[in-house]
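A quick write-up on the structure given underneath.
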Amino acid sequence: MRLFSVGAGASAERALDGAEHPSAPIPIVGAGVGESVRVPLGETGFDTFPLMLGAAEFGWNVDLETSHGILDRYVEFGGNAIHTADGFSGGRSEHIIGQWLRSRGHRDRTLLSVRIGAHADNPGLGSVNLVRAVEGSLTRLGVERIDVLYLDATLDATTNLEDTLATVEWLVEAGKITTVGAFGFTPERLVEARILASAGYPRIEVIDAPYNLIRRQPFEGDLRLVAGAQNLAVTPSHALEHGFLSGRHRSKALAAQGVRGEQLRSHLNRRGIKILRALDQVATDLSVPVAAVSIAWLLAQRTIAAPIVNTFATDHVDELMQGAGVTLSRAQLADLTRAGI
């Protein structure tokens, strides 16, 4: 299995004759060496592996032992960024990550991001619930500080943003969080946040917006323009659209039952099949998994720093990590982009 050395400029012939161009991908192979692969997370001062491991399935569809195996495999290949939320499995996801951090001693080498605002006990972004939510996450994770706190506005579009950022300022000064991000913010609210930052309030540095080959809107619009203008790091969630863009689900009859199955079946239409065929072609050309091509397409988009990817099994991590090293040609990027139109 090849990791971090796939695509244009990474042929074996060029490696053998020693005539590698300085801009060619670094030929990295094997576990552990991905620790040297890092990109800046915008202007936060943090460096991240270009793929964040999402923990939405931990404690829900994935048990503790398997979750720890997934985390171990991710770190084994050099990953350093873990993303969770207080609303994932009612907080069980955070408990599982906390147990893993303690048992492995990895806290100092891990970029830990948490989305808050959707927990049933502390919903929204009001000052009281915000402080309680952060304290709850810190307790479940067993840590003293959250590196990136994402403010989830999906359940709260009415709380005064100035009050929220004033509370965030106190959390930063208290050493409970380092930097702030946003989830579910409209472009207008991000502009408002930047105006408040110019007045001295904490600046939003990162945004999470669901985005992938099949879910292009609403990110490809004003949201991307604002992100670019403010130099925000974008860490898109749903990078594989609930697994559809991994290429594993191609039949409505075989799709899982329940909410997840319904989500998958909704994409098994003419447009979805067209996207899968385009992914198949590039994956065959580069001899990489379909999931890796989906990740590579995201990483090739401007403003994207590191997609957030959830997984169900340890062996899936191997496929996902390859996406960080796939170099797509302009023609391949164009073909993939056109397939989703």
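These numbers come from the heavy atoms of this one structure, side chains and all, not from hydrogens, waters or symmetry mates.
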Can you list the residues that meet the salt bridge (charged side-chain N to carboxylate O under 4.0 Å, His left out) rule with Arg102, with sequence neighbours excluded? none

Run through Ser237, Pro218, Pro236 and flag the one making a side-chain contact (heavy atoms from CB on, under 4.5 Å) with Tyr211. Pro236

Transitive ILVMFWY cluster of Leu225 at side-chain heavy atoms under 4.5 Å: who else is in it? none

Should Gln99 and Leu64 count as side-chain neighbours, where that means a heavy-atom distance under 4.5 Å? yes

pair Tyr201-Val180: side-chain heavy atoms closer than 4.5 Å: no

Please collect all ring-ring contact (aromatic ring centres under 6.0 Å, His included) contacts where either partner lies in residues 157-187, sequence neighbours excluded, each pair once. none

Heavy-atom side-chain contact between Val234 and Phe219 under 4.5 Å: yes

Can I get a per-line list of side-chain donor-acceptor pairs under 3.5 Å for residues 122-131, giving both atom names and the distance, sequence neighbours left out?
from: Ser127; atom 1: OG; to: Thr167; atom 2: OG1; distance (Å): 2.8
from: Asn129; atom 1: ND2; to: Pro123; atom 2: O; distance (Å): 2.8

Residues, nucleotides or ligands: over 12 heavy atoms within 6.0 Å of Arg104 CZ: yes

Side chains of residues 334-341: which donor-acceptor pairs under 3.5 Å do they make with residues two or more places apart or in other chains?
from: Asp335; atom 1: OD1; to: Arg338; atom 2: NH2; distance (Å): 2.5
from: Thr337; atom 1: OG1; to: Trp297; atom 2: NE1; distance (Å): 3.0
from: Thr337; atom 1: OG1; to: Leu333; atom 2: O; distance (Å): 2.8

With a 4.5 Å heavy-atom cut-off, do Arg189 and Leu161 have their side chains touching? yes

Beyond-backbone contact of Ser67 with Asp63, side-chain heavy atoms, under 4.5 angstrom: no

When rounded to the nearest 0.5 angstrom, what is the spacing between CD in Glu205 and OG1 in Thr178? 11.5 Å

Using residues 37-52 as the side-chain source, report each donor-acceptor pair under 3.5 Å to any protein atom, sequence neighbours left out, with the distance given to one decimal.
from: Arg38; atom 1: NH1; to: Gly34; atom 2: O; distance (Å): 3.3
from: Arg38; atom 1: NH1; to: Gly78; atom 2: O; distance (Å): 2.9
from: Arg38; atom 1: NH2; to: Gly78; atom 2: O; distance (Å): 3.0
from: Glu43; atom 1: OE1; to: Arg203; atom 2: NH1; distance (Å): 2.8
from: Glu43; atom 1: OE1; to: Arg203; atom 2: NH2; distance (Å): 3.2
from: Glu43; atom 1: OE2; to: Asn231; atom 2: ND2; distance (Å): 2.5
from: Thr44; atom 1: OG1; to: Leu41; atom 2: O; distance (Å): 2.8
from: Thr44; atom 1: OG1; to: Phe46; atom 2: N; distance (Å): 3.1

With a 4.5 Å heavy-atom cut-off, do Leu223 and Thr186 have their side chains touching? no

Are the side chains of Val143 and Arg107 in contact, using a 4.5 Å heavy-atom criterion? yes

Any side-chain heavy-atom pair of Ile116 and Asp152 under 4.5 Å: no

Is the ring centre of His95 less than 6.0 Å from the ring centre of Phe58? no

